[in-house]
Novice: 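Got a structure for you, written out below as structure tokens; questions coming shortly.
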Protein chains: 2
Amino acid sequence: MAHSVSSEPARVLRQAGLRVTPQRLAVAREVMNRQHPTAAEVFEAVRGQFPTMGLATVYATLNTMSRCGLVKPLPFADAVRFDANVSPHANLICTHCGRITDFEGCIDLLGQLRDRTEQGAGFALDAERLDLYGTCSNCRPQ
Amino acid sequence: MAHSVSSEPARVLRQAGLRVTPQRLAVAREVMNRQHPTAAEVFEAVRGQFPTMGLATVYATLNTMSRCGLVKPLPFADAVRFDANVSPHANLICTHCGRITDFEGCIDLLGQLRDRTEQGAGFALDAERLDLYGTCSNCRPQ
DNA sequence: TTTACTGCAAAGGGTTTGCATGAGG
DNA sequence: CCTCATGCAAACCCTTTGCAGTAAA
């Protein structure tokens, strides 16, 4: 890779036409490095570097990034989580430890889904949210 | 069918071990007859029959039904919607008219998903939420 | 310099809670 | 009868809004 890992968020922000502020960089870094964090979790992680930063700024940044397609908001019962992976995939949600991991091994099935809804219901598929609830490998008996 | 349509909700409630009150019957009827309503929508529909009924009672009933597996809560950005169809299916969400319709023609794909997550990530799938965003047949140009 | 982001406080809105009353089994 | 549902109001908490100050480009 030509760029350092730490420059990735800056590049992504700039490319979307957004102003690159230190606060935004921190938020972008956290949302990209963590697994589907909430705004509060990003806030907690970021306030160490910017003690004066407000939760409203975190929301503003995450909403701006959502509007630009850089992250995808996932409403859950307790709060909205933000997914930095905006390409088609499934979210594996462990009901024991709560961890959410991306699963890419089903992109072809999402393609089939597109055909099915098109032919079966005349529905033109644009995007999808696929949450799979169950038990992850760490939480299984063996 | 042996039972009248109107007795369905009562039977479902009783079978789950829940007390059958007139208010609960009304809530159960609405959530089963409507397409993924919010608590507020159920409340609006039910208050015609029970003017003294409170929104808190609607929430209490829907949460009780959720706990018993009679409905499935679907958190969205604006509010939680309740799905009376608890068997595996996809929710077709039209981004133009907002209508949400069930799509059952993908149960086999959900089965494949189970195998994929099992073999690909050691993940034991229990339940899923599949929301498909797009344009429904009514909203398409022909 | 211009435009947009930050930060703080207050408001908004969906959902829950507490408690007294009332009804189902 | 005993337990649980109802109804009302207030509280909760996540999220948004308004606005003055400030920094990116």
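Below, chains carry the letters A, B, ... as their sequence lines are ordered, and counting in each starts from 1. Because the structure is a prediction, the values reported are computed rather than measured.
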Novice: Need two values: the first and the last nucleotide of DNA chain D, 5' to 3', having an atom under 4.0 Å from any heavy-atom of chain A.
Specialist: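 Here the contact window of chain A covers dC14(D) to dA25(D).
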Novice: State the CZ-CZ distance between Arg34(B) and Arg29(B), to the nearest 0.5 angstrom.
Specialist: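 If I round to the nearest 0.5 Å, the distance is 12.5 Å.
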Novice: Is the terminal nitrogen or CZ of Arg129(B) (NZ for Lys, CZ for Arg) located under 6.0 angstrom from the six-membered ring centre of Phe76(B) and within 45° of that ring's axis?
Specialist: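 Yes, Arg129(B) sits over the ring of Phe76(B).
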Novice: Run through Gln35(B), Lys72(B), His36(B) and flag the one making a side-chain hydrogen bond (donor to acceptor under 3.5 Å, both in side chains) with Asp83(B).
Specialist: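 Checked Gln35(B), Lys72(B), His36(B) against Asp83(B); only one passes side-chain hydrogen bond (donor to acceptor under 3.5 Å, both in side chains): His36(B).
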Novice: Looking across every strand, which nucleic acid part, if any, lies under 4.0 Å from Thr57(A) by heavy atom: base, sugar-phosphate, or nothing?
Specialist: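 Base, at least one base atom sits under 4.0 Å.
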Novice: What distance do Leu113(B) atom CG and Ile107(B) atom CD1 have between them, rounded to the nearest 0.5 Å?
Specialist: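 With rounding to 0.5 Å, CG (Leu113(B)) is 13.5 Å from CD1 (Ile107(B)).
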Novice: When we call it a touch if two heavy atoms are under 4.0 Å apart, what does Thr61(B) touch: a base, just sugar-phosphate, or nothing?
Specialist: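 Sugar-phosphate contact only.
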Novice: Cation over ring, Arg99(A) on Tyr133(A), under 6.0 Å and within 45°?
Specialist: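 Checked: cation-pi criterion not met.
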Novice: Using a 4.0 Å heavy-atom cut-off across all strands, classify Thr52(B) as base, sugar-phosphate, or nothing.
Specialist: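 Sugar-phosphate only.
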Novice: When you compare the side chain of Cys136(B) with that of Thr101(B), does any pair of heavy atoms fall below 4.5 Å?
Specialist: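 No, every pair of side-chain atoms sits at 4.5 Å or beyond.
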Novice: Nearest-nucleotide wise, let me know which of Thr21(B) and Thr38(B) is further upstream toward the 5' end of DNA chain C.
Specialist: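 It is Thr38(B), whose closest nucleotide lies nearer the 5' terminus.
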Novice: Using a 4.0 Å heavy-atom cut-off, does Ala79(A) contact any base of the nucleic acid, only the sugar-phosphate backbone, or nothing at all?
Specialist: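 Result for Ala79(A) = sugar-phosphate.
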Novice: First contact, last contact: which nucleotides of DNA chain C are these for chain B, 5' to 3', heavy-atom distance under 4.0 Å?
Specialist: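 Going 5' to 3' along DNA chain C, contacts run dG14(C) to dG25(C).
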Novice: Name the residue closer to the 5' end of DNA chain C, choosing between Ala56(B) and Arg14(B) according to the nucleotide with the nearest heavy atom.
Specialist: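 Closer to the 5' end of DNA chain C: Ala56(B).
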Novice: Does a salt bridge link Arg114(B) with Asp126(B), judged by any charged N lying under 4.0 Å from a carboxylate O?
Specialist: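 Answer for the salt bridge query: no.
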Novice: Which heavy atom in Ser66(A) sits nearest to a heavy atom in Phe82(A), and how many Å separate them?
Specialist: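 That would be OG-CE2, 3.8 Å.
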